[in-house]
Amino acid sequence: MVDKDFAWRLAQELVRIDSSDPGEYEGEIERYIKALVEARLNHPTLDAVRIEELEVLPGRRNLMVTVPGLSDEPRLVYICHMDTVTLGDGWDAGIPPLGAIVRDDKLYGRGACDMKGGLACAIAALVHTLERVAADGALPRRGFSLICSVDEEDFMRGSEAAIDAGWVGSREWVLDTEPTDGQIQVAHKGRTWFEIEMTGVTAHASQPWKGADAVAAMAEAVCSLRHAFAALPVHDELGPSTITFGQTEGGYRPYVVPDHAKVWVDMRLTPPTDTAVAKRMVEQAIASAEAAVPGCHGSYVVTGDRPAIERDPNSPLLAVLKRAADDVTGADTTVGFFTGYTDTAVIAGKTGNRNCMSYGPGSLALAHKPNEYVPHADIVRCQQVLIALADNVLWDASGQVGA
């Protein structure tokens, strides 16, 4: 039964399962969730519930559980990723990454907030829905699906595969349960990735004029891009576009003029800046570098291109989600934006779906770090909100807002 602490207990079980990416990946946790659901399909009305698996990568399967609705109104979809980042180093003594240690009403462990706490809350809402269908002996008016995805922490191929398979598209009301600090987050900066390479001419460091320093040229390109980003317009809600040079390589020895350099670039773009604008900035930076360091030549490839997602104030999902959150918390829930990129952002960007957003327990500031944790109160709140949202959307006539 779904009592107040169902998701809290489940989150501890999920944290104990290693689903790191790269690492053990999602096989064990997917089987665990599937078995948990199958054990609850013990009523004739629940024969209509569908469980589907989709192999996205070898041994890595998306899982979708669907409770059909009696109408063709858009389904409510909760999408949660099962993978975490690597277990990592730097954890305090007595707080192992897979220990699911509880201290001071906080659950510690890899994925506690990103996003096994949120996944547990979504599963709680699914189990509640199954129990209500069994008790009523009838299916709800509107359909409901839980999608558990793979690869979100890498290239988000799980959500892309779900789109390609027709599991989710432009009509559904889609919510992920990433950590949102108590907010409903409905907009995302874009995410564009570049790999920039610079070639030069090697020479002895005592005679640098006989070579062309590729590292120096790359430094010119990096500085050019930093200056270009500082001059970009700032979006009213999403703020400024940002650039990070997350990884670099180049050179052989300190006494050799380097003939090669490479940098991996992460850009978080806000309108009106998009990938086309970013390409022009990269091309201009390379041209400036080539002029500054004769003999060097640059090139680039775009390895990731995710568009920015702006808020739709008229979203019917936003209206019913805010009402559910306000009712549970007794407060005016803040509507903000997500600084990262999520599975729902992929769905919004690829399908044009205007009813995609995030609401989940914990804080993004703790994700991917040692001693990651999620508070008990956050999981209790989020479980209540997700259940209230499902009840309102699947059965309550007020869930027909904007349908």
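Residues Asp266 and Thr244 bring no donor and acceptor atom of their side chains to less than 3.5 Å of each other. In this structure, a donor-acceptor pair under 3.5 Å is present between the side chains of Lys116 and Ser19. If you check the side chains of Asp176 and His81, you find no donor sitting under 3.5 Å from an acceptor. A donor atom on one side chain and an acceptor atom on the other are not found under 3.5 Å apart for Asn62 and Ser149. Side-chain atoms of His368 and Glu153 include a donor-acceptor pair closer than 3.5 Å.
The two atoms that bring Pro96 and Ile101 nearest to each other are CD-CG1, 4.0 Å, heavy atoms only. When all heavy atoms of Pro179 and Cys113 are compared, the pair lying nearest together is CD-O, 3.3 Å. Taking each heavy atom of Ala11 and Gly117 in turn, the nearest pair found is CB-CA, 4.2 Å. Minimum interatomic distance between Val265 and Phe245 (heavy atoms only, all atoms of both residues): CG2-CD2, 3.8 Å. Summarising the geometry of Ala278 relative to Met267, their closest heavy-atom pair is CB-SD, 3.6 Å, with the distance given to 0.1 Å. Across all their heavy atoms, Asp154 and Asp83 have their closest contact at N-OD2, 4.5 Å.
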When you look at His297 and Glu290, which way does the side-chain contact (heavy atoms from CB on, under 4.5 Å) test go after all the steps?
CA-CA 6 Å; His297 300 282; Glu290 291 172 341; 4.0 Å; yes
Is there a side-chain hydrogen bond (donor to acceptor under 3.5 Å, both in side chains) between Ser358 and Thr180? Walk through the geometry before answering.
CA-CA 7 Å; Ser358 306; Thr180 60; over 6 Å; no
In sequence, state the C-alpha distance, the side-chain angles, and the governing distance for Val37 and Leu63, and then conclude on side-chain contact (heavy atoms from CB on, under 4.5 Å).
CA-CA 11 Å; Val37 174; Leu63 174 70; 5.7 Å; no
Apply the test side-chain contact (heavy atoms from CB on, under 4.5 Å) to residues Val85 and Asp21: give CA-CA distance (whole Å), side-chain angles for both, the deciding distance (0.1 Å), then the verdict.
CA-CA 5 Å; Val85 295; Asp21 177 5; over 6 Å; no
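Here the CE-OG1 distance, from Met281 to Thr275, works out to 9.5 Å after rounding to the nearest 0.5 Å. Interatomic distance, CH2 of Trp264 versus CD of Gln247, reported as 4.5 Å (0.5 Å rounding). Rounding to the nearest 0.5 Å gives a distance of 8.5 Å between CG of Asp305 and CG of Leu269. Atom CG in Asn353 sits 11.0 Å away from atom CH2 in Trp173 (nearest 0.5 Å). Separation of atoms CD (Gln185) and CD1 (Ile309) is listed at 14.5 Å; rounding is to 0.5 Å. The CG atom of Leu87 lies 5.0 Å from the CG atom of Leu98; values are rounded to the nearest 0.5 Å.
Classification of the Tyr78-Phe144 ring pair by plane angle, with boundaries at 30° and 60°, yields perpendicular. Ring geometry, Tyr108 versus Tyr373: the interplanar angle falls from 30° to 60°, so the pair is classed tilted.
Ionic pairing of Arg16 and Glu13 is present here: one or more N-O contacts between side-chain nitrogen and carboxylate oxygen are shorter than 4.0 angstrom. A salt bridge is defined here as a Lys NZ or Arg NE, NH1 or NH2 lying under 4.0 Å from an Asp or Glu carboxylate O, and Arg9 with Asp5 fails to meet this definition. Ion pair Asp378/Arg381 flagged as a salt bridge, since at least one NZ, NE, NH1 or NH2 atom sits closer than 4.0 Å to an Asp/Glu carboxylate oxygen. One finds a salt bridge joining Arg306 and Glu160 here, because a Lys/Arg side-chain nitrogen approaches an Asp/Glu carboxylate oxygen to under 4.0 Å. Of the charged side-chain nitrogens involved, at least one lies within less than 4.0 Å of a carboxylate oxygen, so that Glu372 and Arg110 count as a salt-bridged pair.
Checking side-chain atoms of Gln383 against main-chain N and O of Ala7 turns up a donor-acceptor pair under 3.5 Å. Using a distance-only test at 3.5 Å, with no hydrogens or angles considered, a donor-acceptor pair links the side chain of Lys189 to the main chain of Pro240. Remark: side-chain polar atoms of Asp274 are paired, donor with acceptor, to backbone N or O of Ala276 under 3.5 angstrom. Panel note: side chain Asn355, backbone Leu317; a donor-acceptor pair is recorded below 3.5 Å. The closest donor-acceptor contact from the side chain of Ser224 to the backbone of Glu220 lies at 3.5 Å or more, if one exists at all.
Atom NZ of Lys262 is surrounded by more than 12 heavy atoms from other residues, nucleotides or ligands within 6.0 Å. In this structure, His227 places its NE2 atom where only 12 or fewer heavy-atom neighbours from other residues, nucleotides or ligands lie under 6.0 Å away. Counting heavy atoms of neighbouring residues, nucleotides and ligands inside a 6.0 Å radius, atom CG of Asp104 does not exceed 12 of them. Atom CG of Asp89 has 12 or fewer neighbouring heavy atoms from other residues, nucleotides or ligands inside a 6.0 Å radius.
Using a 4.5 Å cut-off on side-chain heavy atoms (C-beta onward), Asp332 and Lys322 make contact. Contact annotation: the side chain of Val133 never approaches that of Val49 to less than 4.5 Å [non-hydrogen atoms, C-beta and beyond]. You'll find the side chain of Trp395 reaches within 4.5 Å of the side chain of Asp136, heavy atoms only. At a threshold of 4.5 Å between non-hydrogen side-chain atoms, the residues Leu175 and Leu386 count as touching. Between Asp259 and Val201, every side-chain heavy-atom pair lies at or beyond the 4.5 Å cut-off. Side-chain contact between Ser241 and Leu232 is present, with heavy atoms from C-beta onward closer than 4.5 Å. By the 4.5 Å heavy-atom criterion applied to side chains, Ile286 and Ser299 are not counted as neighbours. In this structure, Cys80 and Met115 have side chains that are in contact, with non-hydrogen atoms separated by less than 4.5 Å.
The residue from Arg354, Arg142, Arg75 that alone fulfils the salt bridge (Lys or Arg N to Asp or Glu O under 4.0 Å) condition with Glu172 is Arg75.
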